[in-house]
Amino acid sequence: MPAVLPKLVGASCIHKRPEPIMVASDLPYPCSLVFNAGVIKYNGEYVMIFRNDYGTDKERFEREGRDFTGTSIGIARSKNGVDGWRFDPLPIIDSNDPNKDPELRRYYDPRIVEIEGKLYLCLAMSTQHGICGAIAELSPDLKTCRLISHSVPDNRNMVLFPEKIGGEFVRLERPMPVYSRGRDRFDIWLSHSPDLVYWGRNAFLLGVEDVPWANDKIGPTASPIKTDKGWLTLFHAVDRDDETRGKNGWEKKWTKRYTAGMMLLDLEDPSKIVALYDKPLLVPDMHVETDEGFRENVIFPCAMLLEDDGEVKIYYGASDTCVCLATAQLDELLALFDERV
Ligand code: BMA
C-alpha cells in the first residue's frame, strides 16, 4: 500500500446534486455545522435525523481557538426527500441537556431504520470512558428516544439491517483495535442479537487492507438495501499520510480523506461477502466537499434509500459541514459488480 494514494474518481453512474440539501443556516436553532444524517421514509414523508455542532464559527475557531460548545441531534421532514425540509423546533438530543447522564458526552452520526414497525436509531456515543455504538428506539411520534443498548468502547458506526435475518437482528459495526493492528487500521465486523440488547456471534467481515484505496480505516454507513443479488451495502473508507494535504478546513491540519465504497452481502448469511466493488463509489470532488467546510475531503453517508422507480438516494455529510445527496439507478449500481469480473 503506497503511503500517498492517487487522485480518486467516483463511479460515473452516481449523480450528485450540485448544492447541499441542508446547511447550518437552515436550522431554526443555533447551528455551526450540520452533517452525517440518517434518513428514512416514514408515514408518507422523508424524515431526516442529523447532527448539529454549535457554539463557534470559523473565525472564532481559527483566531480565538474557541471550540464548539455542544452537539445536538435534530429532526427534519420533507415531502420529496430533497428540499422543503421542515424542522422540529428543538433537537431531540442535546449534549448540554442538564438531565443527561454525566458519564455521557454526546451522540453523533445518527442512522435511522424501521424494523417490524418500530423505529431504531444507531448512534455513536461518546462517554467519559470511551466511544461506544448505541442503539435506541424512537417513539412513533418522533418526539422521544430511549436507549436500548450500547457496546463497550471503542466501537461505533453501528448499522442495523432493515429486517431480521434468520430470526435475529443483525448489525454492522466498526471496533477500533488500537493495540493489535499497529496503528489505526480499523475494519468492519458483523454481529447478531435476539433482542437488540445482547449481541454475539461476532464475525469479521471486511478489512481495511481489502479496500485498495484505503490505508487507515473503513466503517459501515447506511442500512443495506435488499436486492436479488444480495444486500447492497455501502461503507466509508479513509486514507491518510498524504503530506501534501495541509490545513484543509478549520483545524490547523486535516490530512484524511473519506470516500465510500460498496459490496454485496449474502442474503441469508450477510457475514459472507458476495462481491466487493474494487473502486470507490463516491469521492469528495465537488467544491463544497474539497474546498470549504470544517474538515475538507470528507464525505460520510449515513442513509441509502431505494425508490419504487429504482432510484437509490444516498445521503451524506460533506466536509462535516452540510448534508448532500447523490443518486444512482439500482441496476447501474449492481452492474458495477459485474464490471470487475
Ligand atoms: C469520523 C466521525 C464522523 C466524521 C468523520 C470526519 O471519525 O467522527 O462524524 O464525519 O470522522 O471528521
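Just so it is clear, the structure is predicted and the values come from calculations on it, not from any experiment. When a ligand or atom number is given, it counts from 1 through the structure's own listing order.
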With atoms numbered from 1 as shown, which atoms in ligand 1 lie under 4.0 angstrom from a non-hydrogen atom of R51? 9 (O)
In this structure, would Y108 and I135 fall into the same cluster of hydrophobic residues linked by side-chain contacts under 4.5 Å? no
What protein heavy atom sits nearest atom 9 (O) of ligand 1, and how far off is it? D109 OD1, 2.7 Å
So, using ring pair (Phe, Tyr, Trp, His ring centres under 6.0 Å) as the criterion, who are the partners of F294 when residues are at least two apart? F61, F68, W250
Under 3.5 Å: N/O of Y258 near N/O of ligand 1: yes
Are there over 12 heavy-atom neighbours, none belonging to E268, within less than 6.0 Å of that residue's CD? no
Okay, side chain of N52, backbone of P30: is any donor-acceptor separation there less than 3.5 Å? yes
For residues 113-124, run the donor-acceptor check on the side chains, cut-off 3.5 Å, and write out each pair with its distance to 0.1 Å, sequence neighbours left out.
none

Can you tell me the protein heavy atom closest to atom 8 (O) of ligand 1 and the distance? Y108 CE1, 3.7 Å
Donor-acceptor check, side chain of D187 to backbone of V208, threshold 3.5 angstrom: yes or no? yes
Would you mind running through ligand 1 and noting each atom that sits below 4.0 Å from a heavy atom of D320? 4 (C), 6 (C), 10 (O), 12 (O)
Check each heavy atom of R156 against ligand 1 and say whether those closer than 4.0 Å belong to the side chain, the backbone, both or neither. side chain
With a 4.0 Å heavy-atom cut-off (strictly under), which part of K217 contacts ligand 1: side chain, backbone, both or neither? side chain
